[in-house]
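Note that the numbering runs from 1 along the sequence shown for the chain. Note that the structure is a prediction, hence the values are computed from the model and not measured.
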Amino acid sequence: MEDNIFSFGILFYRVLFNKYYGEVTFNTRPRKSEIPDNVWQLIQWCWVKERKKRPTIDQVVQEMESWISLGQFSLSS
């Protein structure tokens, strides 16, 4: 399950920013300056090396919903 969250972090980066970063590992990652702080923090949380410290999908969804409620992202039709 924790490996799926790591993969979600990669997918989220690629979809949100329409970028293919290549092979993302613990040694090769996107730079922080390319993305907003709150998004970077969530992606980093998904990529924590110790699997048991990664968020659950429920925690990921809750974090992303908070961005919408704070007006940081909007849902467009």
Q | Heavy-atom pair of closest approach, residues V60 and C46 | A | CG2-SG, 4.1 Å
**Q.** Minimal non-hydrogen separation, R54 against K49, with atom names
**A.** NH2-O, 3.7 Å
Q | Spacing of CD belonging to Q44 relative to CG belonging to D37, to within rounding of 0.5 Å | A | 11.5 Å
Q: Assign the ring pair W47 / F6 to parallel, tilted or perpendicular, where the plane angle (0 to 90°) is split at 30° and 60°.
A: tilted
Q. More than 12 foreign heavy atoms under 6.0 Å from CD of Q59: is that the case here?
A. yes
(Q) Let me confirm one number: the CD1-CD1 distance from I57 to I5, rounded to the nearest 0.5 Å. (A) 4.5 Å
Q: To the nearest 0.5 angstrom, please state how far the CD atom of E65 sits from the CD atom of E63.
A: 10.5 Å
(Q) Could you measure the distance from the CG atom of N4 to the OG1 atom of T56? Nearest 0.5 Å is fine. (A) 12.5 Å
